[in-house]
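In what follows, a structure is listed as structure tokens, so that the remarks can point back to it.
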2 protein chains.
Amino acid sequence: MGETAARSLRADAERSVRAILEAAERVLAQEPGASMEQIAAAAGVARTTIHRRFANRQALIDALASSAARQLAQAIDDGRPDTAPPLVAMHRITANVLQVKSAWAFALGLPADPGSEAAALHQDIARSCTAVLKRAQDAGLIDQAADLDWVRRVYYALIGETLHGNAGGADPDTLAARIIDTLLHGAGPRA
Amino acid sequence: MGETAARSLRADAERSVRAILEAAERVLAQEPGASMEQIAAAAGVARTTIHRRFANRQALIDALASSAARQLAQAIDDGRPDTAPPLVAMHRITANVLQVKSAWAFALGLPADPGSEAAALHQDIARSCTAVLKRAQDAGLIDQAADLDWVRRVYYALIGETLHGNAGGADPDTLAARIIDTLLHGAGPRA
DNA sequence: ATTATCTGCATCAGCTATGTTGCATTTAGA
DNA sequence: TCTAAATGCAACATAGCTGATGCAGATAAT
């Protein structure tokens, strides 16, 4: 069960942990090699406080990755991937994911080492994603001969590219619409 | 004129520089924070030799980025983006780029700071790329209403995703064909 | 109100990477 | 062959990060 051994921290301590994780995301996104000192400063906390909650740098990174992965999994579940009509689910999920990924870009870009909670979550997520695509394929939205694994990877890539260019300002629904349109139809001329 | 002030190094020195750059790519691709010592070892060279040719770590990274960007630009030019028929140019360019990017993944993924040679080259590349897409659009391969900047970014993303999953084994032409097909038609059912 | 927890601050030891220098040796080039 | 360039090696100084500790003051929880 990893590092989630937190046995009922005091309320202020829990606030500190959250502040540290959010600061770590902010700081490391700009400079992946940033020091604990910089993270502490951004969190409004002394460096020693970080060391009290996280044994070492790696433990902090792991916790960050887990936390972000949990939020991502939640964002997907909120889109009802198993029950909503495929197109609706895809749109909702995409919009949700865009928001979570834009807030936790660094943490979610981390290479999750096998066995970690984050890795397990990312596998679950990939499964959910493939399931939705399968439903879309059965509904005739995706070509029967298409390689769903490639389609899923293209979908991931479109999300990633959307986040790159966008400074976080544009409407998630508009962006999601473009992603799905591109995924299904590409850039070629419409019939 | 940046760091290319190299005034006729001796032949063996030039070999060393190349070995260092190639080793840096190899090592840093696996561990972006790797030490100069590790790079030197991988290059079969003493650490001090690296410091003789590159003032500091940043200078080495900059040189690496420039070198890789030059090769990428060359790979695109080799595809005759201005003269070959659009589809042919796109295919050739894609196959060439796949090979160069797979060999210099780290260097080309580096955030080129404005003003650097690498940044200028990447702008040239983006221009060439957009030009080819424009020709494809005029030829009716791409929808008239399409946003070419988005199309170009999607194209980049497809290349990036292709390189991720592929361990460098598959045939570049096959991969290029899938990229262009996906870019133009997406995953939807064929007419 | 009392207690257990949390935090900031100061401090310390240890480690590692960086960048430089001097010298002896090898190697390319004329 | 002769010279200038290039390299390896050893050593050194510096700087920055990490992780740990002790203590005094602030804060939550009962």
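Worth saying up front: this structure is predicted, and the values here are computed from it rather than measured. Protein chains get the first letters and strands the later ones, always in sequence-line order, with residue 1 at the start of each.
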Inset, instruction - Using side-chain hydrogen bond (donor to acceptor under 3.5 Å, both in side chains) as the criterion, list what pairs up with A/R127, not counting sequence neighbours. - result: A/D124
Legend entry - Residues that A/E37 engages under side-chain contact (heavy atoms from CB on, under 4.5 Å), provided they are two or more places apart: A/S35, A/R47
Legend entry - Set of salt bridge (charged side-chain N to carboxylate O under 4.0 Å, His left out) partners for A/E161, sequence neighbours left out: B/R153
Legend entry - Nearest-0.5 Å distance, CG of residue B/N56 to CD1 of residue B/I50: 12.5 Å
Legend entry - salt bridge (charged side-chain N to carboxylate O under 4.0 Å, His left out) contacts touching residues 76-95 of chain B (sequence neighbours left out): none
Legend entry - Spacing of B/I50 atom CD1 relative to D/dC9 atom P, expressed in whole Å: 14 Å
Inset, instruction - Nearest-nucleotide wise, let me know which of B/T49 and A/N56 is further upstream toward the 5' end of DNA chain D. - result: B/T49
Inset, instruction - Take the protein atom CD1 of A/I20 and the nucleotide atom P of C/dC6, then report the distance between them rounded to whole Å. - result: 12 Å
Inset, instruction - Rounded to the nearest 0.5 Å, what's the gap from CG on B/L72 to OG on B/S128? Could you check? - result: 10.0 Å
Inset, instruction - Looking at every strand, decide which applies to B/G33 at a 4.0 Å heavy-atom threshold: base, sugar-phosphate, or nothing. - result: nothing
Legend entry - Spacing of A/I179 atom CD1 and A/T182 atom OG1 [to the nearest 0.5 Å]: 8.0 Å
Legend entry - Nearest-angstrom distance from the residue atom CD of B/E37 to P of D/dG8: 12 Å
Can you tabulate the close N/O pairs, meaning under 3.5 Å, that link protein atoms to atoms of nucleotides 10-12 of chain D?
none

Inset, instruction - Could you list all the side chain to side chain donor-acceptor pair (under 3.5 Å) pairs where at least one residue sits in residues 15-29 of chain A, not counting sequence neighbours? - result: none
Legend entry - Rounded distance in Å - CG (A/L28) to P (D/dC17): 13 Å
Legend entry - Contacts of B/D143 that satisfy salt bridge (charged side-chain N to carboxylate O under 4.0 Å, His left out) - sequence neighbours left out: none
Legend entry - Contact under 4.0 Å: B/R57 side-chain N or O vs C/dT18 OP1/OP2: yes
Inset, instruction - Find the distance A/L60:CG to D/dT18:P and express it as a whole number of Å. - result: 10 Å
Legend entry - Polar side-chain contact A/R52-D/dG19 base: donor and acceptor under 3.5 Å: no
Inset, instruction - Check whether any side-chain heavy atom of A/I61 sits under 4.5 Å from a side-chain heavy atom of A/F54, and report yes or no. - result: no
Legend entry - Rounded distance (Å) that lies between atom C1' of C/dT20 and atom NE2 of B/H51: 9 Å
Protein-nucleotides 27-30 of chain D N/O pairs closer than 3.5 Å?
unit_1: D/dT27; atom_1: O2; unit_2: A/R10; atom_2: NH1; d: 3.0
unit_1: D/dT27; atom_1: O2; unit_2: A/R10; atom_2: NH2; d: 3.0

Inset, instruction - Output the distance between atom OH (A/Y156) and atom CG (A/L183), rounded to the nearest 0.5 Å. - result: 12.5 Å
Inset, instruction - Find which nucleotide of DNA chain C each of B/M36 and A/V45 is nearest to by heavy atoms, and output the residue with the more 5' nucleotide. - result: A/V45
Inset, instruction - Would you give the length of the straight line joining atom CG of A/D147 to atom CG of A/L133, rounded to the nearest 0.5 angstrom? - result: 11.0 Å
Which pairs, protein N/O on one side and nucleotides 13-16 of chain D N/O on the other, fall under 3.5 Å?
none

Legend entry - With sequence neighbours excluded, residues passing side-chain hydrogen bond (donor to acceptor under 3.5 Å, both in side chains) with B/T83: none
Legend entry - B/D138: partners by side-chain hydrogen bond (donor to acceptor under 3.5 Å, both in side chains), with sequence neighbours left out: B/K134
Inset, instruction - Using five base pairs at each end, measure the axis-to-axis angle across the helix from C/dA1-D/dT30 to C/dA30-D/dT1 and round it to 10 degrees. - result: 50°
Inset, instruction - Report the distance from atom CZ of B/F54 to atom C1' of C/dT18, rounded to the nearest whole Å. - result: 16 Å
Legend entry - Separation of atom CD in A/E14 from atom C1' in C/dT5, rounded to whole Å: 14 Å
